[in-house]
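Values below: all heavy atoms of this structure, side chains included; hydrogens, waters and symmetry mates excluded.
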Amino acid sequence: MTTYIAPVRDMQFVIRELAGLERLTALPGYEEVTLELADAVLEEAAKLASEVLAPLNKTGDEQGASLTRDGVVAAQGFGAAYRQFVENGWNGLGGDSEYGGQGLPGLIAAATVEIWNSANMAFALCPLLTAGAMEALKQHGARELKARYLPKLVSGEWSGTMNLTEPQAGSDLSAVRTKAVPEGDHYRLYGQKIFITWGDHDMTDNVVHLVLARTPDAPEGVRGISLFLVPKVLIDADGNLGERNDVRCVSIEHKLGIHASPTCVMSFGDAQGAIGYLVGQENKGLAHMFTMMNEARQKVGLQGLGIAERAYQAARDYAKERVQGRPAGQKSGDRVTIIHHPDVRRMLLTMKSQIEAMRAFGYVLAADLDLAHKHPDEAERRRRQARVDLLIPVLKGWCTELAVEVTSLGVQVYGGMGFIEETGACQYLRDARIAPIYEGTTGIQAADLVGRKLPADKGWAMAALIGEMHAVEPQLAQADGADFASIRAALRDGVLALEQATQWVLQTIEQDPDATLAASFSYLMLVGYVCGGWQMARAAVAARACLQSGEHKGFYRAKIATATFYAEQIMPKANALLSVVKSGASTALALGEECF
């Protein structure tokens with residue numbers, strides 16, 4: 001088992017050179033943020049991750065969470081780690097200062113999300129869901145409700161959950177049946193929810209559930225869904241914990257991966273009814289919940305990046321240690337470590353280049369979100385929000401799909417030992433496999449992209465994005481060398497493929513929605529690969545400039561070489577996917593149901 005060491009230097013490079021932290025420090029509320037502060041946060045997060053969280057990753061996987069008569073008990077060591085996490089202020093890093101948070105930019109928080117998920121994905125899911133609950137309550141909750149619950153959520157003293165789906169509903173939330181009956185200043189909820197991440201545990205004194213339910217006179221379908229805050233333990237007017245609410249975990253799922261993260265079946269109202277409080281307006285619950293969903297989808301995209309990085313580090317270290325065979329054409333002499341073999345190099349560079357592309361894409365989008373929230377110019381806020389709305393489905397879908405690919409390659413680098421649980425490579429693949437499913441499958445993200453986000457403004461946000469991509473080409477043209485010529489050609493071809501695919505989607509979505517939806521996954525992946533290539537091209541330009549400083553030249557040369565590999569080996573997928581998109585994925589619909 002190899003340890004985890006956060007790739008702080010690459011994180012710093014992306015934060016400074018690509019995401020533009022310095023421009024964020026001019027935003028209202030971020031004036032005291034400095035590059036030095038960001039560096040210190042990354043260093044301390046890396047220390048906690050490697051020393052505290054990463055050592056619990058394998059033991060948590062082996063032991064898992066357990067359900068007892070008193071509720072769910074976290075894996076051994078998780079409670080102490082969580083207390084240290086909270087006491088050091090990590091849960092409130094990006095939290096609103098009005099409620100006790102540190103109010104740092106989401107860009108810096110995004111880097112810590114990667115770190116926590118690399119170190120221990122099962123652990124990291126608990127604060128991930130809490131962050132989503134905080135954002136939904138902050139944006140939609142009544143003032144009194146926010147005052148009572150947000151300080152404890154921001155600090156991490158209490159955790160939060162998201163309760164959407166039910167046994168009969170799946171992703172179709174129009175089928176939700178949980179009832180909410182009004183009673184004075186609160187409601188009583190009755191129903192069951194499934195797949196609730198960290199729905200119950202013993203690491204905090206309280207768990208705050210955000211629950212979708214229907215009031216008695218609500219209309220059918222999604223228009224009749226409301227959002228409620230249902231605490232595990234009720235609190236009095238002074239904020240003190242009181243009686244246990246009528247909500248409990250009735251079982252935890254036995255899963256392929258993330259064993260230490262309890263996935264609960266939650267029952268509300270088995271006795272007198274679970275007391276809950278309306279968040280926002282009645283029958284607007286789904287819209288309110290999407291605030292939490294988008295927060296979670298962004299972080300799950302970063303989660304895909306995190307688990308991919310962990311798998312890469314393990315595969316890289318193994319490849320440097322495992323001695324097997326001789327170099328090609330050499331029949332005698334010393335055997336070499338497998339990193340000397342060309343196909344192993346191919347696999348490692350495939351992993352490394354896509355991870356760096358994901359990191360740049362994810363961090364730059366986090367900076368866009370900061371600008372959407374804080375920029376003093378309203379027009380600029382709208383422009384940035386349009387970018388975020390467009391690309392959140394891509395971040396979530398593309399990064400999590402690549403996470404499965406990268407962790408699978410990690411197993412392949414190990415060879416036969418990768419199939420043995422002892423090495424840990426299996427766990428990364430098992431853990432990664434859930435990421436393209438929860439918080440909306442990749443198919444749901446793709447349908448959202450082509451069916452809602454892209455046509456909502458008739459492609460305006462995508463056109464603006466493509467314009468920024470084209471602007472990098474002249475910068476690449478100014479650089480000498482075959483590597484920059486290769487990067488420029490690949491970016492030009494990839495952006496052209498994106499333009500053509502986008503035009504096809506916009507022209508076809510109204511005429512033939514089935515064909516467009518059948519091609520939507522390929523379109524989403526195409527957007528992801530081109531966004532990644534765009535950022536890798538920007539990274540190469542920035543690395544070339546940084547080479548002149550005289551420091552860390554090896555890092556910057558490696559950055560240019562990795563960007564070149566991405567351009568030559570990964571970006572051509574965009575044109576292949578263009579052919580799939582423009583076909584309307586017709587063969588996907590060619591067979592009748594009876595032929596399957």
Does the [X] side chain pair with the main chain of [Y], one donor and one acceptor, at a distance under 3.5 Å?
| X | Y | result |
| --- | --- | --- |
| K146 | Y99 | no |
| K193 | P167 | no |
| R214 | G221 | yes |
| Q192 | F268 | no |
| H288 | Q281 | yes |
| E166 | R177 | yes |
| N120 | A54 | no |
| D246 | G273 | yes |
| S118 | G306 | yes |

Can you find a pair of side-chain heavy atoms, one from [X] and one from [Y], that are under 4.5 Å apart?
| X | Y | answer |
| --- | --- | --- |
| L305 | I355 | yes |
| T291 | H140 | yes |
| I275 | V230 | no |
| H259 | D61 | yes |
| L145 | L278 | no |
| D448 | I392 | no |
| D39 | R16 | yes |
| S267 | V247 | no |

Quick one: do [X] and [Y] make a salt bridge, cutoff under 4.0 Å?
| X | Y | value |
| --- | --- | --- |
| R359 | E309 | yes |
| R297 | E439 | no |
| D236 | R148 | no |
| E44 | K47 | no |

Is a donor from one side chain sitting under 3.5 angstrom from an acceptor on the other, for [X] and [Y]?
| X | Y | answer |
| --- | --- | --- |
| E401 | T442 | yes |
| S261 | W198 | yes |
| E114 | Y363 | yes |
| T59 | Q76 | no |
| E282 | Y187 | yes |
| D389 | Q385 | yes |
| S226 | K284 | no |
| Y438 | Q303 | yes |

What's the shortest heavy-atom distance between [X] and [Y], and which atoms?
| X | Y | value |
| --- | --- | --- |
| S155 | V86 | O-CG1, 3.0 Å |
| L189 | A213 | CD2-CB, 4.1 Å |
| L302 | A110 | CD1-CB, 3.7 Å |
| L429 | S408 | CD1-N, 3.9 Å |
| G160 | L129 | O-CB, 3.5 Å |
| D431 | N57 | OD2-OD1, 4.5 Å |

Given the options D200, D70, D270, R248 meets salt bridge (Lys or Arg N to Asp or Glu O under 4.0 Å) only with D270

Applying ring-ring contact (aromatic ring centres under 6.0 Å, His included) between W116 and each of Y4, F123, W90, report the one that passes.
-> W90

Residue that, paired with I258, satisfies side chain to side chain contact (heavy atoms under 4.5 Å, CB included) out of T197, I307, I434 | I434

Mind running side chain to side chain contact (heavy atoms under 4.5 Å, CB included) on L137 and L153 for me, showing each step along the way?
-> CA-CA 10 Å; L137 185 56; L153 288 170; 4.2 Å; yes

Please round to the nearest 0.5 Å and tell me the distance separating atom CG of L104 and atom CG of D370.
-> 10.0 Å

CD-CD distance between Q427 and E62, expressed to the nearest 0.5 angstrom | 8.0 Å

Taking atom [atom1] as the centre, does [X] end up with more than 12 heavy-atom neighbours from other residues, nucleotides or ligands that are less than 6.0 angstrom away?
| X | atom1 | value |
| --- | --- | --- |
| E22 | CD | no |
| R244 | CZ | yes |
| E31 | CD | yes |
| D217 | CG | no |
| R223 | CZ | no |
| E32 | CD | no |

Using atom types as modelled, flag every donor-acceptor pair under 3.5 Å from a side chain in residues 202-210 to any protein atom, sequence neighbours excluded.
{"from": "D202", "atom 1": "OD1", "to": "A74", "atom 2": "N", "distance (Å)": "3.0"}
{"from": "T204", "atom 1": "OG1", "to": "N206", "atom 2": "O", "distance (Å)": "2.9"}
{"from": "N206", "atom 1": "OD1", "to": "K232", "atom 2": "N", "distance (Å)": "3.3"}
{"from": "N206", "atom 1": "OD1", "to": "V233", "atom 2": "N", "distance (Å)": "2.8"}
{"from": "N206", "atom 1": "ND2", "to": "V233", "atom 2": "O", "distance (Å)": "3.0"}
{"from": "H209", "atom 1": "ND1", "to": "T161", "atom 2": "OG1", "distance (Å)": "2.8"}

For S97 and Q102, what are the C-alpha separation, side-chain angles and deciding distance, and is it a side chain to side chain contact (heavy atoms under 4.5 Å, CB included)?
-> CA-CA 5 Å; S97 57; Q102 298 175 48; over 6 Å; no

Within 45° cone and under 6.0 Å: K374 NZ/CZ vs Y30 ring = yes

Parallel under 30°, tilted from 30 to 60°, perpendicular over 60°: which one fits the rings of H186 and Y277?
-> perpendicular

Show the numbers, then the answer: is there a side chain to side chain contact (heavy atoms under 4.5 Å, CB included) between Q272 and R188?
-> CA-CA 8 Å; Q272 71 273 23; R188 289 193 181 269; 3.5 Å; yes

